[in-house]
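Note that the structure is predicted; figures quoted are calculated from it, not measured. All chains are named by letter (A, B, ...) in the order of the sequence lines, taking the proteins before the strands, and each is independently numbered beginning at 1.
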4 protein chains.
Amino acid sequence: MSGINKVILVGHLGKDPEVRHLEGNVTVASFPLATSESYNKDGKRIEQTEWHNIVMWRGLADIAAKYLAKGKLVYIEGKLRTRSYEDKEGHKKYSTEIVAENFTLLGRKTDFEPASSSTNQNEETEEMPKPEIGGKYAVDDSENDLPF
Amino acid sequence: MSGINKVILVGHLGKDPEVRHLEGNVTVASFPLATSESYNKDGKRIEQTEWHNIVMWRGLADIAAKYLAKGKLVYIEGKLRTRSYEDKEGHKKYSTEIVAENFTLLGRKTDFEPASSSTNQNEETEEMPKPEIGGKYAVDDSENDLPF
Amino acid sequence: MSGINKVILVGHLGKDPEVRHLEGNVTVASFPLATSESYNKDGKRIEQTEWHNIVMWRGLADIAAKYLAKGKLVYIEGKLRTRSYEDKEGHKKYSTEIVAENFTLLGRKTDFEPASSSTNQNEETEEMPKPEIGGKYAVDDSENDLPF
Amino acid sequence: MSGINKVILVGHLGKDPEVRHLEGNVTVASFPLATSESYNKDGKRIEQTEWHNIVMWRGLADIAAKYLAKGKLVYIEGKLRTRSYEDKEGHKKYSTEIVAENFTLLGRKTDFEPASSSTNQNEETEEMPKPEIGGKYAVDDSENDLPF
DNA sequence: TTTT
DNA sequence: TTTT
């Protein structure tokens, strides 16, 4: 109860989204996102880049697979989730991810062409409408916390 | 294109939600929300309260009618919208509202009983589940900006 | 007490910042910001633009005067404030503004040259460092709500 | 360049803040924060709690040491930072933390008494003013990314 | 009044 | 591994 868990990021994709299809026709897309900030330290300009693991599920993953690609600038809203797992040597590890809830493409017009990287090229591209420049993409996951 | 318009508020309702039913079975709920902040000025503690006009549509309005009431503490996410209209004397006026997209009840447990104020009392109360303490309420308005 | 009043916007300036200097060497900058979103209605693509009145004070206003200009894409964080005033005919009016707390320039590289519009051209430009692309600009207004 | 890295949390402290004093009179406070959400799955109410590692520096850490304690409800704004380190066995590990930039106490009035847990009890308590209920605590870290 |  |  009583909780807000919200992340807002604007950054560039470090790689094309990696798309996997799970049982039950569930799509998952994931990619690293860089958010950089710069500041002065001792008179020198320092740029610090933070890398975030972004995960998108179902419909949002499908859209990500079509429109997002390495280098694109994107606004992402989501929530933090930390998973624990064991690596191959059996050591417990933690991974913190941002589970995206919606995203908006930002940046120049040429960024708004459908992505054509090896990861997400496919024949259905023509059936997909052009992404609205700056359009917000969100998908109802039927996980709405409604009281009925 | 290229736009983010997001408001995040935590505050108390100044009144019970006012609920109206428009043609097409559309519900609208609206209420004032106070967000206060305090700061020191010239050694004196100043408390400044800002009032916001909150509007909720459709399913979210229905939920608001059940669970929100004067005095409750609530987290609200939404977007800004400024409407212009003419008052009775024909003068053009502007009103800026926050169109809520979701909300979460905060505060003590006793705040989470269904509201029973004159505004939102009705027979269906018993059919409504208890609100989850801190549960997030959001409703898909079928306005998702999906490209298909 | 108990309040959060936060606005997050990404949009384009509709005009150059209008800069005023008040008594006490206080600078105020203000400008309209457009946030647009598009959605489908009845099979047609609708674009809806919302206009926001942005106000920046003191040091932040000085920076805005240098680096912001009509057309630029900017991320802004701030809070809502509604002022009431009387217009020339003596009618009470309300104006809701976003008092900015910090901003970050977004967009293409060419957007990061110092602004040279009529509003903010001045001789001091060369003394100003180049804005960091995507650098965050914030100024401590000595209004921190610290308990001491 | 071009980056926004923002986290907004509302949750309860899982423990009293752990306060450390580094060389140079630098204070660091850290504590776990729980944000819970509940949703329906297969007709059953599921409550899912996410734990976040919160870190506060310098002046903000000092304030946290005074006013925050296990169980308190707090609104926190900050940014994500992932550190890598080697554990005692020499295995590389990652830890994602939220570096807080400001916080606001939420909840009932009785929550706003100075904390008196073992962690943060000390003689200076009387010199500290009462925290404003819902007061926002922020401290300028002299890390402002100003271009001058 | 912005932008695409 | 992004971007400027």
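- One interatomic measurement links the two molecules: NZ of C:Lys72 to P of F:dT4, which rounds to 15 Å at whole-angstrom precision.
- The C:Glu47 side chain lies nearest to E:dT3 when the options are E:dT1, E:dT3, F:dT2.
- Counting to the nearest Å, the P atom of E:dT4 and the CG atom of A:Leu73 are 14 Å from each other.
- For the pair A:Glu50 CD and F:dT2 P, the interatomic distance rounds to 16 Å; values are reported in whole Å.
- For the pair A:Trp51 CH2 and F:dT1 C1', the interatomic distance rounds to 4 Å; values are reported in whole Å.
- Listed candidates were E:dT1, F:dT2, E:dT2. Nearest to the side chain of C:Pro32 is E:dT1.
- Every salt bridge (charged side-chain N to carboxylate O under 4.0 Å, His left out) that B:Glu77 has, sequence neighbours left out, goes to A:Lys6, B:Lys6.
- Closest to the A:Lys70 side chain, of the nucleotides E:dT1, E:dT2, F:dT2, is F:dT2.
- Spacing between atom CG of C:Leu106 and atom C1' of E:dT4 amounts to 16 Å, rounded to whole angstrom units.
- With rounding to whole Å, B:Ile4 atom CD1 is found 21 Å from E:dT2 atom P.
- Annotation: D:Asp87, atom CG; neighbour count of heavy atoms from other residues, nucleotides and ligands within 6.0 Å is above 12.
- Checking F:dT2, F:dT1, E:dT3 against the side-chain heavy atoms of A:Ser36 singles out F:dT2 as nearest.
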